[in-house]
Amino acid sequence: MSDFITDKTAEMIAAADAGDDQALKAAFTEALSENDTSLAQTLAAMTAAATRLRGA
């Protein structure tokens with residue numbers, strides 16, 4: 001899993017926890033637009049990163 005996706009997912013979690021919808025949207029948009037894999041692969045990587053970061 002790329003550090004980029006992990007970093008963006010961490011940013012999205014922090015923004016969601018803070019209730020900062022604009023930062024959440026920005027991190028999500030950046031993750032989708034700047035990652036060089038398919039949408040499905042990107043979302044799967046983000047889901048795995050979120051699970052790992054949340055300790056679930």
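Numbers here simply count residues along the sequence, with the first being 1.
Side chain of Gln41 to main chain of Ser38: a donor-acceptor pair is present (N/O by atom type, distance under 3.5 Å, no hydrogens or angles).
Atoms CZ and OG1, on Arg52 and Thr47 in that order, are 11.5 Å from each other to the nearest 0.5 Å. Atoms CZ and OG1, from Arg54 and Thr9 in turn, are 11.0 Å apart once rounded to the nearest 0.5 Å. Here the CG atom belonging to Asp17 is positioned 11.5 Å from the CE atom belonging to Met12, to the nearest 0.5 angstrom. Taken from CD1 in Ile5 to CG in Asn35, the straight-line distance is 4.0 Å, to the nearest 0.5 Å.
Nearest approach of Thr6 to Leu53, heavy atoms of both residues: O-CD1, 3.8 Å.
A salt bridge is defined here as a Lys NZ or Arg NE, NH1 or NH2 lying under 4.0 Å from an Asp or Glu carboxylate O, and Lys8 with Asp3 fails to meet this definition.
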Please tabulate, for the side chains in residues 19-28, all donor-acceptor contacts under 3.5 angstrom to protein atoms that are two or more places apart in sequence or on a different chain.
| unit_1 | atom_1 | unit_2 | atom_2 | d |
| --- | --- | --- | --- | --- |
| Asp20 | OD1 | Gln22 | N | 3.3 |
| Asp20 | OD1 | Ala23 | N | 3.1 |

